Amino acid sequence: MRHLTAGQHALIESALLQQLHQLDRRLAEHLGGHTRADHARQVLQQDGDDAPQREPERELDQALTDRDTVALGEVSAALARLRDTRASTGSQRFGLCADCDAEIPFDRLKLEPWARRCVGCQSAHERAGRA
Ligand SMILES: [Zn+2]
């Protein structure tokens, strides 16, 4: 029950790969070539001595890095779902809503290949999350 043509499939795959690449590069820049662990250690050391003043710039940087890390996870998960077309029970099929199993339209997937829910379920989910 695949609703994507081979062409659409390829298009989404390349969009995801591109996104993955972009996030990867941006994260590397944010961390200045350090690993995440190094980065954390560095922040700890800097905050160690005299009355640690919170630097808004560093916090913003950390927030961006965290967001990119989450996005990176989403994108790679979507790529894994996309490639595993024989996904068995337990793992979500790419392009199908996680909640109601509806097919997510290609137009939406084109813009947000990592979408896990159809529009209806997504907004219900967001409403629930906010409550
Ligand atoms: Zn749904």
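Start at 1 and go down the list; that is how both ligands and their atoms are numbered. This is a predicted model, so every value here is computed, not measured.
Donor-acceptor pairing under 3.5 Å is recorded for the side chains of Q122 and E126.
Checking side-chain atoms of H9 against main-chain N and O of R83 turns up no donor-acceptor pair under 3.5 Å.
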What donor-acceptor contacts under 3.5 angstrom involve side-chain atoms of residues 106-113, with partners at least two apart or in another chain?
unit_1, atom_1, unit_2, atom_2, d
R108, NE, R117, O, 3.4
R108, NH2, R117, O, 2.9

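Linking Ile, Leu, Val, Met, Phe, Trp and Tyr residues whenever their side-chain heavy atoms come within less than 4.5 Å leaves W114 and V119 in two separate clusters. Each of V70 and L16 belongs to its own hydrophobic cluster when Ile, Leu, Val, Met, Phe, Trp and Tyr are linked at side-chain heavy-atom distances under 4.5 angstrom.
Only protein atoms were considered; those of element N, O or S under 2.8 Å from the Zn ion (ligand 1) number 4.
Residue L96 comes nearest to D101 through the heavy atom pair CD2-O, 3.9 Å, listed as atom of the first residue, atom of the second, then distance.
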